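One structure is given here, and the rest of the page talks about it.
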There are 2 protein chains.
Amino acid sequence: MSPMPTESAIAEKRQQILQGAMEIFLHQGYEGTSMDRVATAAGVSKITIYKHFADKEGLFTALIEQIAEQRFNRVLGGIYLEKEPEEVLRHIATQILQLIASDEQYVAFFRLIMGESGRFPELAQLFVRALPQRAWKVLGNYFATHPKLDIANPEATARIFTGTVISYAITQYILHGEQIAPMPSDVLIENLVHLIVNQSSS
Amino acid sequence: MSPMPTESAIAEKRQQILQGAMEIFLHQGYEGTSMDRVATAAGVSKITIYKHFADKEGLFTALIEQIAEQRFNRVLGGIYLEKEPEEVLRHIATQILQLIASDEQYVAFFRLIMGESGRFPELAQLFVRALPQRAWKVLGNYFATHPKLDIANPEATARIFTGTVISYAITQYILHGEQIAPMPSDVLIENLVHLIVNQSSS
DNA sequence: GGTATGAACTATACCGTATAGTATAGCTAT
DNA sequence: ATAGCTATACTATACGGTATAGTTCATACC
């Protein structure tokens, strides 16, 4: 019979290509990335890439899909909602900001998704579903059900919370605002948490 | 003597080039833009572009500088802080969101700045200075001085306010989240304004 | 164990097109 | 007369994608 390579071997090559593609796409953008450079970075022949992916666009979308899936698990995967609301919220915000600040690939991924969202609207929506929308659901549910909180609109409050945190990350880390417009992250977080936890229900 | 063109004529040509550059750069990105297409769009010979700008990068930075300057005046230029805080804040947030939602060029500009912020960090910082930083200053000052407001940290509160609004715009309009994660803007704004105005100072 | 098989790979060259930037020559309006 | 323009052609390089020819290696059979 025809000798078959193990399925895992095929999957490994595919992973290897995606790994090389990540290095280049994340830092050079879609148009700035050449298939030759991806091939070199992946340690793979260019034609092998075209055996695994239809074309440059297919490789790019596969890459974004994988990153969007992988990254979510790291942000909200290990969140515990057991303690006092004040501590829970402070912990979530701190964790998100630390993750972004310490992971250059994360920042590059945001830049790529935003920059290409005009030409790849479906990928942008995939990203929204994979990250912010999940965060809104987890937080919205938390706000709605926690006995100590009396929050008028849990969904809107979830958007305020995540929006504040993400906007901070964008201006400070993505747009290099750290030096020109400094603000300690814990000051922002304290004020944000205080605002939400001590919400008056007039 | 040598016939001299009026200074305004030179400035007009420069404007004409920048106008053409805007059409292409905003929608095709930096790498996706060719100088030939810019020349055609501007109705100008390619060599004329190089008489006015050193190279592609110089044209690009000049374009971003101009847009960053122009656009600020439209957002916060005509803001009045005279009425009740609740109404003032609601008006500012509504105005920002309406402007972004109705102006495709604005959205394209955001995408461009974010996408190229890795390769053009100085331009990203220019943007931060021209838009969010000015907004933080105006709002922070308003929060600090308004007699009816008792806000613990005006600067942090200004970041919460603008961060919520901008993040909403990003997920809904830039990342095409409108259909997949709808939320009426006035619901968000009402909750945000209420949170800030009725802040308890415990 | 040895050997043939065939899928997946590599290296390299190639095609047609497009790029950033320059050179040349001629036009236009003051 | 001349500064500033246009049109066109050019150089050298790079692109996405394909073609060719040869290599590796797990399997199937003897």
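Order of the sequence lines fixes the chain letters, A, B, ..., with proteins taken first and strands second; residue numbering starts at 1 for each chain. From a predicted model like this one, the values you see are computed outputs, not experimental measurements.
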(request) Please check if the distance between the ring centroids of F53(A) and F60(A) is under 6.0 Å. (result) no
(message) Among residues at least two apart in sequence or on other chains, which ones pass ring-ring contact (aromatic ring centres under 6.0 Å, His included) with F110(A)?
(response) Y106(A), F127(A)
(message) Please list, in numerical order, the residues of residues 54-62 of chain B that have a heavy atom closer than 4.0 Å to any atom of DNA chain D.
(response) none
(request) Using ring-ring contact (aromatic ring centres under 6.0 Å, His included) as the criterion, list what pairs up with H146(B), not counting sequence neighbours. (result) Y142(B)
(request) Mind checking salt bridge (charged side-chain N to carboxylate O under 4.0 Å, His left out) for E57(B) and listing every partner two or more places apart, or none if nothing turns up? (result) none
(request) Identify, residue by residue, the members of residues 22-36 of chain B with a heavy atom below 4.0 Å from DNA chain D, and return them in order of residue number, or none. (result) none
(request) Figure out the OH/P separation between Y50(A) and dC9(C), and round it to whole Å. (result) 16 Å
(request) Sequence neighbours left out, what pairs pass ring-ring contact (aromatic ring centres under 6.0 Å, His included) with at least one residue falling in residues 158-182 of chain A? (result) none
(message) Please report the distance, rounded to the nearest Å, between CD1 in I17(A) and P in dA8(C).
(response) 12 Å
(request) Please report, rounded to the nearest Å, how far the P atom of dG4(D) is from the CD1 atom of I49(B). (result) 17 Å
(request) Quick one: list whatever passes salt bridge (charged side-chain N to carboxylate O under 4.0 Å, His left out) with K56(A), sequence neighbours left out. (result) none
(message) For T162(A), give me all partners under side chain to side chain contact (heavy atoms under 4.5 Å, CB included), at least two apart in sequence or on another chain.
(response) A135(A), W136(A), L139(A)
(message) Without decimals, in angstroms, what is the distance between E12(A) CD and dA8(C) P?
(response) 15 Å
(request) Report yes if at least one side-chain N or O of H52(A) is closer than 4.0 Å to OP1 or OP2 of dC9(C); otherwise report no. (result) yes
(request) Starting at atom NZ of K51(B), determine the distance to atom P of dA23(C), rounded to an integer number of angstrom. (result) 10 Å
(request) Please state how far atom CZ in R37(B) lies from atom C1' in dA18(C), giving the value in whole angstrom units. (result) 12 Å
Collect all protein-nucleotide pairs involving nucleotides 11-16 of chain C in which both atoms are nitrogen or oxygen and the distance is under 3.5 Å.
none

(message) Quick check: do T94(A) and I189(A) have side-chain heavy atoms less than 4.5 Å from each other?
(response) yes
(message) Please enumerate all residues that pass salt bridge (charged side-chain N to carboxylate O under 4.0 Å, His left out) together with K137(B), with sequence neighbours excluded.
(response) none
(request) Report yes if at least one side-chain N or O of T48(B) is closer than 4.0 Å to OP1 or OP2 of dT6(D); otherwise report no. (result) yes
(request) Can you sort out the partners of T164(B) under side chain to side chain contact (heavy atoms under 4.5 Å, CB included), two or more places apart, ordered by chain and number? (result) I160(A), T164(A), I160(B), L188(B), L192(B)
(message) Among residues at least two apart in sequence or on other chains, which ones pass salt bridge (charged side-chain N to carboxylate O under 4.0 Å, His left out) with R129(A)?
(response) none
